[in-house]
Number of protein chains: 2
Amino acid sequence: MEDTKVIFIELFRSYTDLPLQSLDELFSLLKIRTINKGTDLVYQGKSSTKDYFLLNGILREFLIDDNGNEVTVNFYYNQSFITPNFCRIENKISSFTIQALSNCVIAEIESAELEKYRNRNVVFFNASALIITKLFKDNIERQIVQATYSAKKRLEQFRAKFPGIENYVPHSFIASYLGITNVSLSRLRKLK
Amino acid sequence: MEDTKVIFIELFRSYTDLPLQSLDELFSLLKIRTINKGTDLVYQGKSSTKDYFLLNGILREFLIDDNGNEVTVNFYYNQSFITPNFCRIENKISSFTIQALSNCVIAEIESAELEKYRNRNVVFFNASALIITKLFKDNIERQIVQATYSAKKRLEQFRAKFPGIENYVPHSFIASYLGITNVSLSRLRKLK
DNA sequence: ATTACATTTTATCATTTGTTAATTGAAGGC
DNA sequence: GCCTTCAATTAACAAATGATAAAATGTAAT
């Protein structure tokens, strides 16, 4: 449906004012896919060669750490840039699993092809630097929140960042994202 | 002194195998400076147009958050890549202050000039992508440590990452980096 | 060596968060 | 509908961390 294109353009426009022509061209390179709840887009430990944009739905990015614990590092909610493939991989191998928590609409492209487009389109090249910067800052922002806020404040901040998501995804994922146990989360939800 | 060049080359070689020729050329573009303990390299809220490499000494990167609290987000210890300028700034304005905790030797370059070099040297272009990836992953790594380790474990991890630094910098900075009070840090230092 | 000042440690008590286990709630299969 | 299973809440207690203030120690200047 034509709708996906509008969403795609809105996503980029919310970050930077790329000309419609560039967005048009980029969009024509993408493959639009619908994936079902529970599907894994990329797997921790497996090869990963694609980049994705989330157009609709909810994704979570997580990993199994050295102690065997699952740690949710990010949620993607409606239109979002997914962390670029080159930032997610180590020797072509994915450091994370990205999992659909609902049915999702995504746009997908081979990273190599995206890189080619990036190198022949200066405007997009600059825009993508902006986007990486933004993702980088999001990480630092999270570090600060994680380091200086109480669990209660972190929950408030989470709610502001992902309004309503609490009603759609298992609380254990949210607790893991917040760095608390799900028992603590339940307790915090009770307050006020 | 010639020493600085050796250190500079070692720094890059520890990340990626750039040819000596490229490193030579890049080095010739840099200005080597010595800065005194207490000097601020860039200031939160002020314009920032340069990129830096730490060749010797200790730096700390921090910001004043919305509540007026100082949060130390990173230490740089001996040879290190400093977070690239384009990742640190918002509309050309620095989001952080970078401060010398000891006398330091740094290499400095206008970001615009570095960008030019990057664009005319494919090998360096790819290397710098690697470096950004590494910095990106460091951030995520820190998120995970912060989210899943106890304060005691975080201190252990900090000691492994910055061996000996504990003896050179005020503990209040370390506590802020670890996301605990300096009283708690003192307590943890006592154990074992 | 003495003073003045800043940093670190110690002590006490309050608050937050973790752990474990039992209870309740909700969703799907039969 | 009833049962099974998984998720979320509650409770009770333990452990970790914060807050405040006082004491001890370190550092630099004179």
Side-chain angles (χ1 to χ4, degrees), chain A residues 36-40 58 60 62 65-72 75 99-103 142-159 162 164-192, chain B residues 36-40 58 60 62 65-72 75 99-103 142-159 162 164-192:
Chain A
N36 291 327
K37 178 174 174 172
T39 308
D40 290 339
I58 306 177
R60 86 185 249 255
F62 71 96
D65 74 7
D66 301 337
N67 307 319
N69 303 316
E70 207 180 276
V71 184
T72 296
F75 291 100
Q99 182 180 69
L101 299 185
S102 71
N103 295 338
R142 257 207 84 197
Q143 274 176 40
I144 294 168
V145 168
Q146 208 73 22
T148 62
Y149 288 18
S150 66
K152 189 179 161 191
K153 289 242 175 188
R154 298 205 295 276
L155 175 58
E156 284 168 14
Q157 204 263 359
F158 169 82
R159 283 171 167 162
F162 302 109
I165 208 176
E166 215 172 327
N167 305 315
Y168 300 119
V169 313
H171 290 176
S172 55
F173 298 163
I174 298 175
S176 150
Y177 177 84
L178 294 175
I180 57 178
T181 62
N182 36 18
V183 176
S184 285
L185 175 56
S186 179
R187 193 155 36 195
L188 293 172
R189 278 163 51 77
K190 196 69 193 305
L191 303 177
K192 174 139 153 288
Chain B
N36 291 326
K37 178 173 174 173
T39 308
D40 289 339
I58 305 177
R60 85 185 250 257
F62 72 96
D65 75 6
D66 301 337
N67 307 319
N69 304 315
E70 206 181 276
V71 184
T72 296
F75 292 99
Q99 181 181 69
L101 299 185
S102 72
N103 295 338
R142 258 208 84 197
Q143 274 175 40
I144 293 168
V145 168
Q146 208 73 22
T148 62
Y149 288 19
S150 66
K152 189 180 160 192
K153 290 240 173 188
R154 297 204 296 275
L155 175 58
E156 285 168 14
Q157 203 262 359
F158 170 81
R159 283 171 167 163
F162 302 109
I165 208 177
E166 216 172 326
N167 305 315
Y168 301 119
V169 313
H171 290 176
S172 56
F173 298 162
I174 298 176
S176 151
Y177 177 84
L178 295 175
I180 58 178
T181 63
N182 36 15
V183 176
S184 284
L185 174 56
S186 177
R187 195 154 36 195
L188 293 173
R189 277 163 52 77
K190 197 70 192 305
L191 303 177
K192 174 139 155 284

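Residue numbering restarts at 1 for every chain, and letters A, B, ... go by the order of the sequence lines.
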From A:Ile174 CD1 over to A:Arg189 CZ, what is the distance, rounded to the nearest 0.5 angstrom?
7.5 Å
Taking the six-membered ring for Trp, is the centroid-to-centroid distance between B:Phe158 and B:Phe162 below 6.0 Å?
yes
Figure out the CG/P separation between B:Leu178 and D:dA16, and round it to whole Å.
17 Å
Chain A reaches DNA chain C, atoms under 4.0 Å from its heavy atoms, from C:dT17 to C:dT20
List the protein contact pattern of nucleotides 7-12 of chain D with one symbol per nucleotide (5' to 3'): B for base contact, S for sugar-phosphate-only contact, - for none; contact means a heavy-atom distance under 4.0 Å.
-SBBBB
State the NZ-CD1 distance between A:Lys152 and A:Ile180, to the nearest 0.5 angstrom.
12.5 Å
For a side chain to side chain contact (heavy atoms under 4.5 Å, CB included) check, start with the C-alpha distance between A:Tyr177 and A:Arg154, then their side-chain angles and the critical distance, and finish with the verdict.
CA-CA 10 Å; A:Tyr177 177 84; A:Arg154 298 205 295 276; over 6 Å; no
Between D:dG18 and B:Ser184, is there an OP1 or OP2 to side-chain N/O distance shorter than 4.0 Å?
yes
Quick one: does any side-chain atom of B:Gln146 pair with a main-chain N or O of B:Leu178 as donor and acceptor, under 3.5 Å?
yes
Would you find a donor on one side and an acceptor on the other, under 3.5 Å apart, between the side chain of B:Thr39 and the backbone of B:Ala100?
no
Between A:Ile180 (CD1) and D:dA16 (P), how many Å, whole number?
18 Å
Test side chain to side chain contact (heavy atoms under 4.5 Å, CB included) on A:Thr148 and B:Asn69 and set out the steps.
CA-CA 9 Å; A:Thr148 62; B:Asn69 304 315; 6.0 Å; no
To the nearest angstrom, the NZ-P distance between B:Lys152 and D:dG18 comes to 16 Å
Can a donor-acceptor pair be found, under 3.5 Å and without considering hydrogens, that links the side chain of B:Asn103 to the backbone of B:Lys37?
yes
